[in-house]
Amino acid sequence: MAKKKDYGNDSIVQLKGADRVRLRPGVIFGSNDLEGCKHALFEIISNSADEARAGVGNKIIITRFLEGSIEVQDFGRGIPLEFNKKEGIENWKLVFCEMYAGGKYDEDSYQYSLGLNGLGLCATQYTSEFMDAEVHSGGFKYTLHFEEGENIGGLHKEPYDKKDTGTRIRWKPDIKVFTEIDIPAEHFKDIIEQQAAVNNGVKFVFKNQINASKFETFEAQYNDGIVDYVKKEAGNDAFTSIQYWECERKGRDREDLNDYKVKITAAMCFSVKKQLKKYFHNSSYLEHGGSPDKAFKSAFVNQINAYLKANNKYAKNEGQINIQDIEDCIIFVVSSFSTQTSYENQTKKSITNKFIQEAMTDFFRKQLEVYFIENKMDADKIANQVLINMRARVKAENTRKTLKTSLQSKMDMTNRIQKFVDCRSKDVNEREVFIVEGDSALGACKQARDASFQAVIPVRGKILNCLKSDYDKIFKNEIITDLIKVLGCGVEVKSKAAKGLSAFDMDSLRWSKIMICTDADVDGFQIRTLILTMIYRLMPKLIEAGKVYIAESPLYEVTCGDQTYFAYNEIEMDEIKEEIGDKKYTVQRSKGLGENEAEMMALTTMNPATRRLIKVMPDDAEKTSQMFDLLLGDNLDGRKEYIADYGHLYLDAADVS
């Protein structure tokens, strides 16, 4: 056993230089995985966005190179890099190599800035395999090169006679620091869309290298900022016009603290087809919201609720709306800026400013009040839709409670499913359930199974087509509800009208494997398809988790002397004939599960050592459901077209003369 190291005065160690970030990237970037790498990218983009917002440069180019490096170029003033008399050190060392050093600690250089802490550029440099910086400023070109957090060669300065100014940073995230560094192109596109929305008039260009000489280019620019962004998101589906609100406020988070300024802009419309809620602060997307989200919830619920009451919209004894009812029909985007910001952490996904929350709550409430007074028609449309959402939610919640009681009830001796045969084991990891076709198959499977861990439930006839039926009809079907009760995990209900209805819980599943076992004939295939369709619609996570299987039964039984062979398809039948050669043999076509001997059933279908199982994959279930809906659903034109195109392939199997 290794001897414990003494813990004393010499045990305390201070990380220095690049190790401050390279060994603990999660402290600055939130994590050391791809999300952390994405945040490092945003730190560099935000510096360029701050410069453009300060009125210098109206274009930012972001390039993703084939070998994994990234470049961000702006046309601002260029980072000051030469000697800083006040600090007694070159600025490039402060900006690229020192934590908590930058030009944004006062309001003189940048009034509203995302990069407040002086960490982003330095931390990104520290976590890079390499970083190259090129700055054009004051008639000179400055260049720097870093490798794994260390500067190589110092600052190079040379005359530059072109008129452009700005900064170009190219770096490659270090795989030694981050567990993953390949940021998808879609993420870059999302960033430029969002940044264009909150930086009015600034053009963001993303260049994605495809091969040695080819780049794909994507651009985003919104001259009217979040208004254009909301307009694009809403398309033609909004049922109200787009509203734009803006204000500036001044206040403090606590009585003993100094005042600071906040600028609030918001754009919104209402739609039943598209829902969106996004908050940005100092151009950073607040994934978790914080103060703006709390303000939105408080102001909108209170004001819309007040309108509903004042206009007698509620029915007698009806409950009140909540935020979900509003979120289900609103497109709402907020972009705010403040001279002081309290972020939840360095990743800047949430802000906590008390004054910003209070200012926004008051502002949103008053703007809604005026909007409703001045636009009575819109106000009534909004109120009515929110009421519809509330009533659908309440109905769904009541249905979910009923379902949870009826579908997830304990199966004790007084509450057994008709003809369901359970197994003895209580260990979910070994329990298996066979869904079989009819009572005759039930009898054969009961005899063939291993009762210690295998259970059987028969399906009585063809079950309901769950693709064509609504939920009320589905849950009144006894066969389906029996199957759901036996499985034990509840259902997922994917319907806007029934949002929140899902009672699905994978932990409540009573089985390690769910096996569909039907005859190898047309009726058997149809019943199998209907069962798969039910699972695909009501509990797709079972398929995603690999819990659903097809238990194959043989098509032919071949007897040659005292040897028996089983063929599951025509190809295997040919292979058996080839193996037997000239010997005498008999071929018995599958008689159906109910007519098989128990010994044969155990050998071919139920014994884990000899049976054949096909795991149902998500794509398989979806394709099966689509084909079933085409052939047996309401799509008459599609069915005619399919038969015209492919019907000749099945003529030999058709029962026609």
Measuring from [X]:[atom1] to [Y]:[atom2], what's the distance to the nearest 0.5 Å?
X      : Y      : atom1 : atom2 : result
Cys445 : Gln447 : SG    : CD    : 10.0 Å
Lys547 : Lys615 : NZ    : NZ    : 9.0 Å
Ile382 : Ile304 : CD1   : CD1   : 6.5 Å
Ile457 : Cys517 : CD1   : SG    : 14.0 Å
Lys214 : Leu66  : NZ    : CG    : 12.5 Å
Cys37  : Ile181 : SG    : CD1   : 6.5 Å

Checking the side chain of [X] only, and the main-chain atoms of [Y] only, is there a donor and an acceptor separated by less than 3.5 Å?
X      : Y      : result
Thr518 : Glu437 : no
Thr610 : Leu603 : yes
Ser271 : Asp237 : yes
Ser31  : Gly36  : yes
Thr481 : Phe475 : no
Asp325 : Asn322 : yes
Glu492 : Lys541 : yes
Arg431 : Asp422 : no

(request) Could you pull out the closest heavy-atom pair between Tyr285 and Tyr279, with the gap in Å? (result) CD1-O, 3.4 Å

(request) Quick one: closest heavy-atom pair of Ala238 and Cys269, and the distance? (result) CB-SG, 3.8 Å

(request) Give the ring-plane orientation class for Phe206 versus Phe218, where under 30° counts as parallel, over 60° as perpendicular and anything between as tilted. (result) parallel

(request) Just say parallel, tilted or perpendicular for the rings of Trp511 and Phe420, cut-offs at 30° and 60°. (result) perpendicular

Pair [X] + [Y], salt bridge at N-O below 4.0 Å:
X      : Y      : result
Lys278 : Glu193 : no
Arg391 : Glu318 : yes
Lys297 : Asp293 : yes

(message) Quick test of your reading: applying side chain to side chain donor-acceptor pair (under 3.5 Å), list the pairs with at least one residue in residues 176-187, sequence neighbours left out, ordered by first then second residue.
(response) Arg64-Asp182, Glu148-Lys176, Glu186-Lys189

(request) Mark yes when over 12 heavy atoms from residues, nucleotides or ligands other than Lys294 sit less than 6.0 Å from its NZ; otherwise mark no. (result) no

(request) Take atom CD1 of Ile210 as the centre, draw a 6.0 Å sphere, and report whether it contains more than 12 heavy atoms from other residues, nucleotides or ligands. (result) yes

(request) Applying side chain to side chain donor-acceptor pair (under 3.5 Å), name anything that partners Tyr585, two or more places apart in sequence or on another chain. (result)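 Tyr585: no side chain to side chain donor-acceptor pair (under 3.5 Å) contacts found.
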
(request) With Gln454 as reference, evaluate Lys513, Glu432, Lys446 under the side-chain contact (heavy atoms from CB on, under 4.5 Å) test and give the passing residue. (result)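 The side-chain contact (heavy atoms from CB on, under 4.5 Å) with Gln454 is passed solely by Glu432 among Lys513, Glu432, Lys446.
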
(message) Going by salt bridge (Lys or Arg N to Asp or Glu O under 4.0 Å), name the pairs with one or both residues in residues 558-573, residues two or more places apart or in two chains.
(response) Glu572-Arg612

